[in-house]
Amino acid sequence: MTSRRILFARFGQAGAMVILPGLLLAACGEQPPAASPPKAPETGKAEPAKPVAVASTAVPAPTAATSGTPKPGGTLKIALYQEPGNLNPYLNVQTAGNVVRNTIFGGMVRPNEKGEYVPDLAKEVPTTKNGLVSADGRTVTYKLRQDVKWHDGKPFTAKDVKFTYDVIMDPANPVTSRLGYRDIESFTMKDDYTFEVRFKTFFAPFISLFGAILPAHSFEGKTAIEKSDFNRKPIGTGPYKFVEWASGDHITVTKNQDYYVKGKPYLDQVIFRITPSREVGIAQLKTGEVDVVWNLIEAQIPEFDGDKEIDVWAKPGVGVERLVLNFSAPTGDKAGDPTTKHPVLSDPKVREAIEFGINKKLIVDKLLYGKTTVGTSPLSTGWAAPAIPASEFSPDKARKLLEDAGWRAGPDGTRIKDGVKASLTYQTTSGDKLRELAQQVVQEMLKEVGIALEIKNIPSASLLGTWADGAPRAKGTFDINMWTTNPGIDPHFHLFSYFHSSQIPTEANKGEGQNYSRLKDETVDKSLDEAGSTPDLDKRKAAFERAVKALTASRAHIFLYNRLDVDGARKYVMGRTHNPWDNLAWDLENWWLNK
Amino acid sequence: MSGQPGSWSASEHRSRHRLLASSGLAAPSPGRPIGLWGLAWRRFRRHRMALVGMVILLVLASASLLATWISPYSPIKTSLVEMLDRPSPIHPMGTDELGRDLLTRILHGGRVSLAVGFLAVALAVSIGSTVGAIAGFYGGWVDNLLMRLVDFMIALPSIFVLILLATIYGTNPVTLVLVIGGLRWMGTARQVRGAFLSLREREFVEAARCLGAPPSRIILRHLLPNAIGPIIVASTLGISGAILTESSLSYLGLGIQPPMASWGNMLRNAQDQMVRAPWTAVFPGLMIFLTVMAVNSIGDGLRDALDPRKVE
């Protein structure tokens, strides 16, 4: 019972742990497609770190499969279809590396499954309310837990954090990103368990920094770490200790007996099996050779239909599949110039008709097995996500809108206005079956209302390329694109980059920014400017809400459905909670085997 | 083949050549001379497998051409309530992952696949034969130059070329034919060149030359018919390859774009549902198999029929 209470404790407990919806957080990595320039370090994302069993009252049960009392012990095998290059949080760029690393390292704070920050190595999450963040948001103080030990038994102190900061800033290290760290003016150690960071200017997602801490003593204070053995034999503060790495075969971690949450982790050992592909992982899951297979795609869900021994963990993630509409002229000398107008899509009635014409629910029910929700906004979940009602499916309204706007049915059923045909190209990444199916359904639905779509898919590298690549979305030489992207816990960079008028890629700015739609909306601009300039969470939240309402009304993007995070596991794997903001292994200390 | 001299060439030459050319082929029949093609047809008819192949191909091709009239369904209209239905009297081949009648899509897909397959191969064989013939006939630096071109084309990573073309020109059946044909002619070129190299030293070629026949005539009338074997073999093998290339091209975005069907992209889409809905893979696969078999046996028959050295 005690262990169970601890397990539950982290979920409720507003008072102690929940934390202001994470102050801000960096735009974390996008889905494979699109890359937002102000991308937070993969590392800055959600770090390892374990729950703080502060709480007292046990609260509502988590959604995870937690039937019965956790049984300690056992070995869990997880199939990864990628082999990490290294396990250093600041050098690793692979998602599989993040999974393994998540079990070994701890950081200051981390996001929970609701997108709220909870303390890990810090005693509490710094906010303006508890006085750990100054009124101007530029000074942040962290107080550290004093009961944390490194895997080799040495105590964890603020010196380690300072060392980690020095490693990140050492120009000799090819770290994945210095975003935010380079805005730090000063790093002051107040004592062994307190430090203060002062930023040159307000950095909205400051809370995402220090997501993983390196042990100073392992490097004897040398901050040039690129060539260190440590990167393949890491020492951390997380629930599991690194044991061995057999290249091409497996990585093994074992229970950290000194983990600061008593009674955790439950498992004795976790083996990450490296498989050549997802398919091999699925096959091994079916034979029972592995217990969990990490990171599947939506189309693989039916492979487990009727399998009595396997659970498919499919939950909406933070990525939103959307249609991206081009407001500017797609052809001609001034193609993509925000001063030009798209012959069809610049008409707001047409854009509205497109949304009315698409039966998103049907796509979700039939093509995504009803396991996700329809897309309504760029922020599908998280502290800043406003409630935007799902769009109505009404071909009649769509037709009426088009009629009223002067688009009359032509001889082949496609509408025409002033000699311009409502005929548009519709592009996504080629070879993606789910997308191709969705495209054909959308194409047919819009045909019903008199808008013709021509599918012209191109390889993802071309579709999602940059200005320098001449990608259609960057150059504005497209009608409708379809892809997924996702915001960070702090959605500022994401919204700013995709919807602020200063972020339209042009010759002048060499294609900076991701406002591919060429949206220019005063409300969006003003709201985002405001959200980016204040540390006051309530104000920011309200500003984001205004921005999201305005941009969804503009239909620069039409949100189809929320992408699923899919993993597969044998039914006896218990205790896991889905966290859209972090990877599979974020709560591995809670997992146990019911067999 | 009436035996009337053509207007473009001296009649004297022509008749002499006919005599020479046909002398080895068949004993002059008592009645009207039946000529090379008539003779070939006579032999072809006796090749049972070839006839079967031809019938299959004709059935497939005409059914595809008449698809719109044969099937009551639309090949692109989706019906999500009927997703992946088993074969039944209403849908003899079942339905696909968007609830469309599979038979209808196979018929419509046949148009694309057969057209792309045959046209691409026709293009490849034309380019290949021309290059091979010129290289083999003239030899020397011409041969060198053309064969280096062939080497270059073979060495060229075709994936790279395909992606490039997809990005620049977009995709439709015409570009597909051009791309597949344009990247698959090198084998034919080498084979034809090889055949020409040995044939051009033969006596009948020398005789033609002595009679003053221009190179074009020697190539077209004397060498090419004798090299028809390798060309036919290359074409028949090429058709299956071209149909399958079309399907793999959809991975690169250069294939037939949805919702248009081709046997290749139907087969590809069936891959991950083969266990749940085997019919979605079996039928398009069967069509490709039948076509390839039919074309191959026709090729067999044609090669025998056209072989000038074949003695009955």
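Labels below follow one simple rule: chain letters A, B, ... track the order of the sequence lines, proteins then strands, and each chain is numbered from 1.
A salt bridge does not link A/K366 with B/E97: none of the charged nitrogens is closer than 4.0 Å to a carboxylate oxygen.
Surrounding CG of B/L286 are more than 12 heavy atoms belonging to other residues, nucleotides or ligands, all under 6.0 Å away. Surrounding CZ of B/R86 are at most 12 heavy atoms belonging to other residues, nucleotides or ligands under 6.0 Å away. Under a cut-off of 6.0 angstrom, the local environment of CG in A/D412 is crowded, with over 12 non-hydrogen atoms contributed by other residues, nucleotides or ligands. The number of heavy-atom neighbours closer than 6.0 Å to NZ of A/K334, taken from other residues, nucleotides and ligands shown, is 12 or below. Residue-environment remark: NZ (A/K286) exceeds the threshold of 12 foreign heavy atoms within 6.0 Å. Taking a 6.0 Å sphere around CE of B/M186, one finds it holds more than 12 heavy atoms contributed by other residues, nucleotides or ligands. In this structure, B/M83 places its CE atom where more than 12 heavy-atom neighbours from other residues, nucleotides or ligands lie under 6.0 Å away.
For residues 145-155 of chain B, heavy-atom neighbours of chain A at less than 4.5 Å comprise no residues at all. Contact residues of residues 356-365 of chain A toward chain B are A/L362 (heavy-atom distance under 4.5 Å).
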Please assess B/N269 against A/K433 for the test side chain to side chain contact (heavy atoms under 4.5 Å, CB included), listing each intermediate value before the final yes or no. CA-CA 7 Å; B/N269 280 335; A/K433 191 178 167 192; 3.9 Å; yes
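Side-chain contact check for B/L98 versus A/L367: some heavy-atom pair is nearer than 4.5 Å. A heavy-atom distance below 4.5 Å is found between the side chains of A/Q443 and B/P259.
Partners of A/K475 according to the side chain to side chain contact (heavy atoms under 4.5 Å, CB included) rule, which considers only residues two or more places apart in sequence or in another chain, are A/W467, A/T477. Under the side chain to side chain donor-acceptor pair (under 3.5 Å) criterion, A/E444 pairs with B/K77, B/T78, sequence neighbours left out.
Closest approach of A/N457 and B/P258 over heavy atoms only: ND2-CG, 4.4 Å.
With rounding to the nearest 0.5 Å, the separation of CD in A/E454 from CD in B/Q257 is 8.5 Å.
Using a 4.5 Å cut-off between heavy atoms, A/E448 touches chain B through its side chain atoms alone.
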